[in-house]
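This report concerns only the one structure given below.
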Amino acid sequence: MINYEHLAITEVYDILLYNPDVDLVLKLNLVDNLLKYYIQIEDYEKCAVLEELKVVMEKDDESNNKKT
């Protein structure tokens with residue numbers, strides 16, 4: 001049986017990691033939602049990647065705010 005929810009969430013995960021054109025606020029919201037999902041299904045490898053991505057995005061956002 002195909003788990004379409006898992007397939008859709010995996011696609012969103014891939015978009016976040018490999019598409020730099022997605023808005024930062026949207027990415028942060030999606031990362032938070034994905035973290036909740038992956039914690040629930042106990043996929044801690046993806047959680048670690050998402051946490052690292054979140055830290056990098058927040059640092060980049062802080063740097064951009066300081067420049068303006």
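Note that the coordinates shown come from a computational prediction; the quantities given were computed from them, not determined experimentally. Heads up: numbering here begins at 1 and tracks the sequence.
The cluster map of Ile, Leu, Val, Met, Phe, Trp and Tyr, joined by side-chain heavy atoms under 4.5 Å apart, puts Val49 and Leu24 in the same cluster. Val55 and Tyr44 fall into different hydrophobic clusters, where Ile, Leu, Val, Met, Phe, Trp and Tyr are joined by side-chain heavy atoms under 4.5 Å apart, directly or via other members. Following chains of ILVMFWY side-chain contacts shorter than 4.5 Å, one cannot reach Val56 starting from Leu28, and the two form parts of different hydrophobic clusters.
Closest of all the heavy-atom pairs between Leu50 and Val31 is O-CG1, 3.8 Å.
For Ile39, the side-chain contact (heavy atoms from CB on, under 4.5 Å) criterion is met by Cys47, not counting sequence neighbours.
In this structure, the separation between CD on Glu51 and NZ on Lys54 is 6.0 Å, given to the nearest 0.5 Å. Rounding to the nearest 0.5 Å gives a distance of 9.0 Å between CG of Leu17 and CG of Leu34. Rounded to the nearest 0.5 angstrom, Asp43 CG and Tyr13 OH are separated by 7.5 Å.
The aromatic rings of His6 and Tyr37 sit tilted relative to each other, their planes meeting at an angle between 30° and 60°.
Between Val25 and Asn29 there is a side-chain heavy-atom pair separated by less than 4.5 Å. Looking only at side-chain heavy atoms (C-beta outward), Lys27 and Leu30 stay at 4.5 Å or farther from each other. The shortest side-chain heavy-atom distance between Thr10 and Lys46 falls under the 4.5 Å cut-off.
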